[in-house]
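Structure first, then comments.
For the numbers below, each heavy atom of this structure counts, side chains included, while hydrogens, waters and symmetry mates do not. Chain letters run A, B, ... following the sequence lines, proteins first, then strands; residues in each count from 1.
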2 protein chains.
Amino acid sequence: MTTEDRRERIVAAADRLFYGRGIGQVGMDAVRDESGVSLKSIYREFPSKEDLVLAVLAHRHAMWTDGVDRAVARTTDPRERLLAVYDFLAEWFSERDFRGCGFINAFGELGAASQRVAEAVREHKASFQRHVDRLVAEAGGPASLGPQLAILAEGAQTTAAISGNAEAAESAREAARTLIESAL
Amino acid sequence: MTTEDRRERIVAAADRLFYGRGIGQVGMDAVRDESGVSLKSIYREFPSKEDLVLAVLAHRHAMWTDGVDRAVARTTDPRERLLAVYDFLAEWFSERDFRGCGFINAFGELGAASQRVAEAVREHKASFQRHVDRLVAEAGGPASLGPQLAILAEGAQTTAAISGNAEAAESAREAARTLIESAL
DNA sequence: CCGCCGGGAGAACGGAAGTTCTCTCGGCGG
DNA sequence: CCGCCGAGAGAACTTCCGTTCTCCCGGCGG
């Protein structure tokens, strides 16, 4: 097993555990058991749990960005591309182990204690906002529309996580459609 | 000092600490120091930390509900009453120690570990949804509008918390206005 | 065949935190 | 005045967990 393999295994295992149970509820022992990599090797790759958390967030960011990109790429119509974001959310929400946005969860838990985590979360959200802004610009919408659409996406995530109703994505999509039509 | 006094002091202190730092980052010793009530008395009122967390959430729920009610009561025009929700958010976001929705934070941290906490958060959000639905009904809006407006409020909270820009409330309010006008 | 070394298993260490216990004091009823 | 009880101060106990260490094996170069 190569070093890269090990790194990926560790991050994938930690992601599953952190996301599923909450970061503070997961000990490094659990990461070892889930990944099959010894504590010694884990600590060689990630000098502290915080470093592992940051790696997990980076991994999640890549996955999320990929997912949105793929959904958006399914069409070329600028308006449909904007709405595709909510289609992606709908798919995500209906996954069996959906538990809200991992970044928001991490922020609520560690944002006050770890500046690095807080910064990673901020950057993730800023990146999403930039993406939405770009799609809005391509659709010829006003700059004020970007924040509104991003807020809808955020709200859908927490609503779906807490009340467990995946239809939040439909409501958000509907609202987005209204906002877009009213702005164009 | 009466028993009620003590209970309130404990809950108020715990609320400040839990909300400001995250629940897991606050020890019972810190609650003792902040409240000035001995551990023995704290544990007489609240048999476990989880019980204290639930009391804090109940307290927060009452505060939040009061705040929304007061903002809504400032006007009688049904449409303005709906928008007043976002005015309340704007005030809240600009408070110095705003750190997002305490319920969402608690849910991300403990939702998977504590069913009681998860249930309290769900009930809080459901209660807010009912409130919004009622306001929508009074304004003569369609049932589909309630969830959309609630999602906007949720999204504004996490957006404001993470990116630290209180203007999220303005964006949400703007979006809400558009949705309302388009639905009536 | 032999030694080296990367990695796993798991014990060990140190600190933090939830919970309980002991001791003490001050007020209040008899 | 005396004893009792509620409450605070703070130590003690236990468990958990982040982190490190020790021991051992198995493969790989000489």
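Inspection of the Asn165(A) and Ser163(A) side chains reveals an N or O donor paired with an N or O acceptor under 3.5 Å. Checking Gln129(A) against Asp133(A) by side-chain atom types alone, a donor-acceptor pair falls below 3.5 Å.
Remark: P of dG18(D) and CG of Asp29(A) are 8 Å apart, rounded to the nearest angstrom. Here the C1' atom of nucleotide dT19(C) and the CD atom of Glu50(B) are 15 Å apart, to the nearest Å. The separation between Ile42(B) atom CD1 and dT20(C) atom P is 13 Å, rounded to whole Å. Atom CD of Glu45(A) and atom C1' of dT19(D) are 16 Å apart (whole Å). Residue Arg44(B) contributes atom CZ, which lies 14 Å from atom P of dC21(C) at whole-angstrom precision. Rounded to whole Å, atom C1' of dC13(D) lies 17 Å from atom NZ of Lys40(B). Put simply, CG on Leu52(B) is 10 Å from P on dT19(C), counting in whole angstrom units. Counting to the nearest Å, the C1' atom of dG8(D) and the CG atom of Asp33(B) are 12 Å from each other.
Relative to the side chain of Val37(A), the nucleotides dT20(C), dT20(D), dG8(C) differ in distance, and dG8(C) lies closest. Checking dG18(C), dG8(C), dG10(D) against every side-chain atom of Ser41(A), the shortest atom distance belongs to dG8(C). Closest to the side chain of Ser38(B), out of dG8(C), dG8(D), dT19(D), is dG8(D). Of all nucleotides listed (dG18(C), dA7(D), dG8(C)), dG8(C) comes nearest to the side chain of Arg6(A).
Residue Val31(B) is out of contact with every strand shown, counting any heavy-atom pair closer than 4.0 Å.
The pair Glu181(B)-Arg177(B) meets the salt-bridge criterion, since a charged nitrogen lies less than 4.0 angstrom from a carboxylate oxygen.
Here Phe18(A) contributes atom CZ and Leu52(A) contributes atom CG; the two are 4.5 Å apart, rounded to the nearest 0.5 Å.
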